[in-house]
Amino acid sequence: MTTMSRPPADPSAPPLPRGVAMKNWLLFGLQDTKGTHQGPGGVAASGHRKHRWWQVMCLTGVDYFSTLGYQPAIAALAAGAISPLATLVLVAVTLFGALPVYRRVAAESPRGEGSIAMLERLLPRWGGKLLVLVLLGFAATDFMITMTLSAADATAHLIENPFAPGWLHGQNVAITLVLLGLLAAVFLRGFKEAIGIAVVLVAVYLALNVVVVARALAEAATHPVAVSGWWDALTTSHGNPLTAVAVALLVFPRLALGLSGFETGVAVMPQIRGAAGDTEANPAGRIRGTRRMLTTAALIMSTFLITSSFATVVLIPEQQFQPGGEANGRALAFLAHTYLGPEFGTVYDISTIAILWFAGASAMAGLLNLVPRYLPRYGMAPEWAKAVRPLVLVFTLTGVLITVLFEADVDAQGGAYATGVLVLMTSAAVAVTLSARRLRQRRRSFGFSVIALLFLYTTVANIFERPEGIRIAGFFILAIVAISLLSRVLRSFELHATHVRLDTEALQFVTSAVAGPIGIIAHEPLRQSAEAYRRKLASATEASHFPDNATPLFLEVMVDDSSDFETALEVRGVLRHGYPVLEVHGPVVPNTIASVLLHIRDVTGLMPHIYFRWTEGNPVSNLLRFLVLGEGEIAPVTREILREAEPDVTQRPWVHVG
């Protein structure tokens with residue numbers, strides 16, 4: 001049995017034109033049955049090998065744990081001597097806020113949909129869709145800045161290494177762009193399996209951090225003068241310990257970068273091996289594994305955050321954290337070089353560069369899972385958005401632009417990163433609060449609402465403190481909303497049905513005609529009296545010349561949610577007042593009618609004729625009603641959809657209007 005995904009090329013066949021070959025290469029992921037480009041949130045095939053929870057933890061850990069590369073330095077720069085206290089607040093929020101929220105998210109989105117999908121279910125129709133677009137804008141901010149900030153910090157570790165050649169200094173932007181280019185090359189080549197690489201990177205990186213932090217703590221213990229100097233600075237700069245604690249609470253939003261990784265942790269759920277008795281409807285083992293993964297990652301990260309924050313602020317002079325200082329953005333690397341020698345420090349730098357670079361890979365994979373999951377399904381992205389390679393190029397060019405604008409500065413990008421992370425965590429807290437209220441779980445509802453308010457405060461404080469974050473997030477939101485709505489308008493005349501199915505009664509109705517055309521009369525579902533059907537038949541006969549000898553078949557489309565785009569159409573046959581009626585629910589009337597007509601043609605081999613009455617009202621307002629409400633100018637829009645779907649006029653269902 002062969003494992004090839006497609007037959008071998010015929011050597012005698014002429015080569016494809018260069019433009020066609022490039023197009024086929026770019027759009028290969030559009031039908032990627034082998035899962036070559038599957039990211040961490042991808043739903044694997046049933047036969048795909050799953051992984052233990054701790055292995056998958058390493059995949060999300062390249063994002064979460066890699067923040068140790070810059071988090072201690074950012075904390076010291078933002079909070080100074082009280083950074084350990086502010087870090088304690090961060091750890092408390094992690095363990096008693098973010099962790100309970102995402103353990104609940106894991107239980108309610110076991111297929112890796114995350115909190116965005118929870119809010120989508122709780123808030124349907126256009127309001128829910130627009131909220132999802134806004135959250136996708138913040139998610140794009142989070143993931144894009146993860147890529148650019150991690151690459152910029154990897155560059156800083158490379159340049160500051162004592163063995164690095166001097167000509168690298170001042171080339172931060174160029175080196176960061178090279179790292180982004182290498183990241184893009186990985187995904188253009190194919191990103192099938194990253195867990196094995198992630199396990200090695202995380203294991204080595206955490207082991208090196210244990211050595212560095214342990215050595216730094218031992219150094220602090222042997223130099224009590226340094227510890228007492230830090231304590232004196234802590235107490236004298238803020239008057240008394242209570243004031244220092246209050247200031248730590250106020251400074252905490254600046255440390256929000258240490259909360260990243262939870263949303264990615266939920267996204268990788270499909271990769272976790274569940275229990276033997278797991279089903280798709282109840283994957284209890286997968287949920288337990290995910291909760292264990294989230295808890296373990298949070299405990300490991302919390303331990304490193306507390307110890308590294310204390311060690312760095314005690315042992316590193318304050319001026320070294322400032323822009324241009326040797327510890328700016330690389331506090332633990334500074335300690336590694338200072339107390340363990342340049343050779344060990346270089347090994348640590350290489351490990352940090354690798355995991356920071358691969359954190360960008362995790363972020364890229366997150367984007368490649370989010371965008372195709374939502375936007376094409378809403379009709380708010382072109383078909384090529386389901387392919388991987390075009391999206392990789394779009395995201396890479398965006399990363400290049402961000403890097404150039406921020407000049408590969410880690411500190412300058414911290415605000416935007418924190419804004420994206422905090423908004424996603426706030427939305428997750430709101431989602432689980434609404435879920436608990438819906439299930440009437442009062443205690444959990446109260447607890448989650450408190451967490452949601454805490455995250456909301458942190459988000460607002462971060463926005464006021466670092467407004468550049470909301471500016472860049474606003475740019476992403478405006479771009480996504482504008483492009484999405486434009487794409488929805490441009491795709492309005494496409495067929496939206498994923499499939500059409502006729503029940504037994506409906507199939508009998510459409511196959512009753514043994515020869516000749518099938519006459520179908522479009523009818524409003526709100527008028528279902530016998531008189532309404534009689535008058536509609538008389539109008540079709542008089543104005544549209546419905547054949548006298550044909551059996552009338554009525555088609556009624558009930559609009560459920562006009563904001564939906566792709567949908568399955570289930571056609572039900574009903575005999576009402578002696579008239580055969582086809583009932584179908586769909587998001588848009590003309591597109592649904594066109595899909596049903598083409599399906600009837602294919603099933604029966606006979607040509608359906610649809611009979612309409614002209615819609616009253618202004619054509620422009622009717623067109624707007626069609627775009628927003630799924631109704632409006634039915635007859636001409638149905639005809640246009642059929643024209644685009646079936647270029648051959650002899651095979652196109654007929655549209656009659658009177």
Side-chain angles (χ1 to χ4, degrees), residues 53 56-57 60-68 71 74-75 86-109 112-119 135 138-139 141-143 146 248-249 251-269 287 289-306 309 359 362-363 366 414 417-436 444-462 469:
W53 64 265
V56 182
M57 181 188 72
T60 184
V62 294
D63 177 17
Y64 193 25
F65 299 143
S66 68
T67 57
L68 287 171
Q71 173 68 17
I74 290 178
T87 302
L88 282 175
V89 176
L90 173 64
V91 168
V93 173
T94 298
L95 298 179
F96 303 107
L99 182 58
V101 165
Y102 279 93
R103 284 171 62 92
R104 173 90 178 214
V105 171
E108 298 204 18
S109 60
E113 307 96 327
S115 59
I116 295 179
M118 291 178 63
L119 289 173
L135 292 178
F138 284 108
T141 305
D142 179 7
F143 290 128
T146 296
L249 292 173
V251 170
F252 156 70
R254 304 183 193 177
L255 279 63
L257 292 179
L259 289 169
S260 67
F262 281 96
E263 195 76 26
T264 309
V266 174
V268 301
M269 281 189 70
I287 293 173
T290 303
R291 288 176 164 178
R292 195 174 294 130
M293 175 189 72
L294 294 172
T295 303
T296 304
L299 290 173
I300 292 174
M301 189 64 176
S302 297
T303 302
F304 274 113
L305 285 174
I306 293 173
S309 176
S362 178
Y417 185 25
T419 299
V421 170
L422 288 171
V423 169
L424 289 181
M425 302 194 90
T426 303
S427 68
V430 171
V432 298
T433 301
L434 294 176
S435 174
R444 293 184 180 182
S445 177
F446 175 76
F448 286 135
S449 62
V450 172
I451 296 172
L453 289 175
L454 174 62
F455 280 135
L456 181 62
Y457 154 74
T458 307
T459 304
V460 173
N462 180 77

Pair Phe262, Thr60 - check side-chain contact (heavy atoms from CB on, under 4.5 Å), show working.
CA-CA 8 Å; Phe262 281 96; Thr60 184; over 6 Å; no

Could you walk me through whether Met425 and Tyr102 satisfy the side-chain contact (heavy atoms from CB on, under 4.5 Å) test, starting with their C-alpha distance in whole Å, then the side-chain angles of each, then the deciding distance to 0.1 Å, before giving a yes or no?
CA-CA 9 Å; Met425 302 194 90; Tyr102 279 93; 3.9 Å; yes

Nearest 0.5 Å, please: how far is OG in Ser309 from CG in Leu68?
11.0 Å

side-chain contact (heavy atoms from CB on, under 4.5 Å) for Arg104 and Phe448? Distances and angles first, verdict last.
CA-CA 10 Å; Arg104 173 90 178 214; Phe448 286 135; 4.1 Å; yes

Looking at Leu90, is its backbone amide N or carbonyl O close enough to the side chain of Thr94 to form a donor-acceptor pair, meaning the two atoms are under 3.5 Å apart?
yes

First locate atom CG of Asn462, then atom CZ of Phe455, and finally report the distance between them rounded to the nearest 0.5 Å.
13.0 Å

Minimal heavy-atom distance between Thr146 and Asp142, with the atoms involved, is OG1-O, 2.7 Å

Please give me the minimum heavy-atom distance between Ser435 and Met118, naming the atom from each residue.
CB-CE, 4.3 Å

Between Thr67 (side chain only) and Tyr64 (backbone N and O only), is there a donor and an acceptor less than 3.5 Å apart?
yes

Please report the closest heavy-atom contact between Ala429 and Val101, naming both atoms and the distance.
N-CG1, 3.8 Å

Quick one: list whatever passes side chain to side chain donor-acceptor pair (under 3.5 Å) with Thr459, sequence neighbours left out.
Thr426

Could you measure the distance from the CD1 atom of Ile116 to the OG atom of Ser109? Nearest 0.5 Å is fine.
10.5 Å

Taking all atoms of both residues into account, what is the closest heavy-atom pair of Ala139 and Leu424, and its distance?
CA-CD1, 3.9 Å

Working to the nearest 0.5 angstrom, can you tell me the gap between Arg103 CZ and Thr290 OG1?
10.5 Å

Mind checking whether Leu454 and Val93 have side chains closer than 4.5 Å, heavy atoms only?
yes

Indicate the atoms forming the closest heavy-atom contact of Ala359 with Asp63, along with that distance.
CB-CA, 3.9 Å

Spell out, as yes or no, whether a donor-acceptor pair under 3.5 Å connects the side chain of Ser302 to the backbone of Leu299.
no

Between Ser445 and Thr433, what is the shortest heavy-atom contact and its length?
O-CG2, 3.8 Å

Within a reach of under 6.0 Å around CZ of Arg291, are more than 12 heavy atoms found that belong to other residues, nucleotides or ligands?
yes

Please check if the side chain of Thr295 supplies one atom and the backbone of Arg292 the other of a donor-acceptor pair under 3.5 Å.
no

